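Just below is one structure, and these are the notes that go with it.
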Protein chains: 2
Amino acid sequence: MRTKHEVGTRDRVVRATARLMQRQGYTGTGLKDISREAEATLGSVYHFFPGGKVELAVAAIGHGDREFADLLRTVMAREDHPADAMVACARELATGMRDSEWMDGCPVTTTALESARRLPPIRDAAERAFANWHGIVRDKLTAAGFDDDTASDVAHTVVSTFQGAEMTAQITRTTTALDLAGSHLARLVRSYRE
Amino acid sequence: MRTKHEVGTRDRVVRATARLMQRQGYTGTGLKDISREAEATLGSVYHFFPGGKVELAVAAIGHGDREFADLLRTVMAREDHPADAMVACARELATGMRDSEWMDGCPVTTTALESARRLPPIRDAAERAFANWHGIVRDKLTAAGFDDDTASDVAHTVVSTFQGAEMTAQITRTTTALDLAGSHLARLVRSYRE
DNA sequence: GTCTATAGTTTGATAGAC
DNA sequence: GTCTATCAAACTATAGAC
C-alpha cells in the first residue's frame with residue numbers, strides 16, 4: 001500500500017532528475033545518469049515517464065518549483081515584516097548554495113534557460129514556477145498593507161533579484177551577491193513604508 | 001592584409017558560438033551547428049580553436065562579456081544621473097529581448113550555468129565577466145558621489161537584478177520584469193541620495 | 001514494475017589531402 | 001587555412017523477457 005511518506009521509484013526519479021539538471025542542465029543530463037542516480041533501471045524510468053526526457057524535465061521543474069515555493073512560504077510565515085523576510089530568504093538561499101559547494105543553483109532556470117526556445121512544455125513549466133513564486137511574495141506584501149499594484153510590482157523584482165543573485169553567487173562562489181540582494185530588497189520594501 | 005574592420009573566420013566562429021550557446025546552452029550546441037552557422041568548415045574551427053569546445057565556449061563568453069560591458073558603458077556615459085542609467089539600461093535589455101522574440105538571453109549565464117561545475121575554464125571566464133560588469137556600474141556610482149563601499153555593494157545588486165530580470169523576461173516572454181527592475185533599481189539608487 | 005539488450009543517431013575530435 | 005571522411009563514444013528511445 002502506498003502511504004504518503006513512502007518514497008517510490010517515481011519520486012526517486014523525479015528528485016534525481018531535478019538534482020542532476022540543476023547542476024548540468026537539460027542537454028547535459030543523460031537518461032542513463034538519471035537512472036543510475038535514482039537507482040532505477042532505464043525501463044522503470046520510461047515506465048513512469050513515457051514522454052521521455054521532456055516529460056522528466058517538466059516533472060523536475062515542478063519539483064524545483066514546489067521546493068522554492070515551500071522555502072518562500074516558510075520564511076514569509078515566520079518573519080513578521082516583509083523586509084525581514086527578504087533578508088531571511090536570502091540567507092536561506094546563501095546557506096544552501098554554500099553547503100552544496102556552489103553546485104546546486106536553481107533547478108528551474110538552469111534547466112529552462114537552454115531549452116525554453118525549442119521545447120515549449122519546459123518553458124511553460126518554468127513560467128508556472130515564476131508565477132507561483134511571484135504570487136507568494138505578492139500576498140505577503142499585500143498582507144503587510146501594500147496596495148495591490150505596488151505589491152505585485154515589488155514581488156516581480158524580488159523574484160528576479162533572488163534568481164539573479166543565486167546565479168551570481170554560484171558563478172563567483174561567494175554569498176556576497178545573495179547577502180546584498182537580501183539587504184537591498186529589504187531597503188526597497190521599507191522605502192514604501194507608510 | 002588584416003584590417004581592423006575585416007571579419008575573419010575566427011571572428012565569425014566566435015560570434016556563431018556565442019549566438020548559439022546563448023540560445024541552446026553549452027551542451028546543446030554542437031560543433032557542427034557552429035561550423036554551419038559560422039559558414040566555416042569543421043577543420044577551420046579546430047584550426048583556430050585547437051582546445052575544442054571548451055576553448056570555444058570561453059571565447060564566446062568573452063565576447064558576451066564585452067558586448068554587455070559596451071552596452072553598460074554607453075548607457076552610463078549617456079545618462080547623467082545613475083538612477084536614470086538604471087532605467088535606460090533596463091530598457092535597452094528589454095528591447096533586445098523583445099526584438100529577438102525572447103530567444104537571446106545572456107550568453108554568459110546560459111553557457112556557464114550548466115557547465116560551471118565540471119569545466120573550470122568556463123566558470124572562470126564567467127566570473128571575469130561578472131567582475132567586469134560590476135566594476136563599470138561601481139565606477140559610475142562613485143563618480144556620482146557614492147562612497148566606495150556603498151557603490152560596490154549597490155553595483156553587485158544592480159548586476160544580479162539585471163541578470164535575473166533578463167532571465168525572467170525570457171521565460172515569461174514579457175518585458176515586465178526588466179521594466180520593473182529598472183525602476184526599482186533607480187529607486188534603490190535614489191534612496192542613497194545625499 | 002523491473003530488467004537487459006540494442007537499434008539508430010549524433011556527438012566531439014582527429015587524420016590527411018589540398 | 002580549408003576541406004572531407006571517419007572514428008569511438010554517447011545519446012534517446014524501444015523491444016520484449018520476466
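In this text, all values refer to a predicted model and were calculated from it rather than measured experimentally.
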Tell me whether the OP1 or OP2 atom of C/dT2 has a side-chain N or O from A/S44 closer than 4.0 Å.
->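 So the side chain of A/S44 is within the cut-off, an N or O lying under 4.0 Å from OP1 or OP2 of C/dT2.
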Could you tell me whether the phosphate oxygens of C/dT2, OP1 or OP2, come under 4.0 Å of any side-chain nitrogen or oxygen in A/T9?
->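 Result: yes.
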Measure [atom1]/[X] against [atom2]/[N] and give the value in whole Å, please.
{"X": "A/K53", "N": "C/dT10", "atom1": "NZ", "atom2": "P", "value": "15 Å"}
{"X": "B/E55", "N": "C/dG12", "atom1": "CD", "atom2": "C1'", "value": "14 Å"}
{"X": "B/H47", "N": "C/dA13", "atom1": "NE2", "atom2": "P", "value": "17 Å"}
{"X": "A/Y46", "N": "D/dG16", "atom1": "OH", "atom2": "P", "value": "17 Å"}
{"X": "B/E39", "N": "D/dG1", "atom1": "CD", "atom2": "P", "value": "18 Å"}
{"X": "A/D33", "N": "D/dA13", "atom1": "CG", "atom2": "C1'", "value": "16 Å"}
{"X": "A/L42", "N": "D/dT14", "atom1": "CG", "atom2": "C1'", "value": "10 Å"}
{"X": "B/R118", "N": "D/dA10", "atom1": "CZ", "atom2": "P", "value": "14 Å"}

Below 4.0 angstrom, N of the basic side chain to O of the carboxylate: do A/R173 and B/E127 qualify?
->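 A salt bridge is present here (some side-chain N lies under 4.0 Å from a carboxylate O).
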Using a heavy-atom cut-off of 4.0 Å across all strands, would you classify [X] as base, sugar-phosphate, or nothing?
{"X": "B/T27", "answer": "nothing"}
{"X": "B/F48", "answer": "sugar-phosphate"}
{"X": "B/S35", "answer": "nothing"}
{"X": "B/G30", "answer": "sugar-phosphate"}
{"X": "B/G43", "answer": "base"}

Could you give the distance from NE2 (B/H156) to OG1 (A/T168), rounded to the nearest 0.5 Å?
->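 Between B/H156 NE2 and A/T168 OG1, I get 8.0 Å after rounding to 0.5 Å.
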Find which nucleotide of DNA chain D each of A/G28 and B/K32 is nearest to by heavy atoms, and output the residue with the more 5' nucleotide.
->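 Here B/K32 is the residue nearer the 5' end.
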Without hydrogens or angle criteria, can the side chains of B/T157 and B/S160 be said to hold a donor-acceptor pair below 3.5 Å?
->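 No - no donor-acceptor pair under 3.5 Å links their side chains.
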Distance-only polar pair, side chains of B/D33 and B/T29, donor-acceptor under 3.5 Å =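 Short answer, no.
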A/T41 has a side chain; which of D/dA13, C/dT4, D/dT4 sits nearest to it?
->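 So the nucleotide nearest the side chain must be C/dT4.
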Cation-aromatic face contact A/R187/B/Y192, 6.0 Å, 45 degrees =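 Yes, a cation-pi geometry holds between A/R187 and B/Y192.
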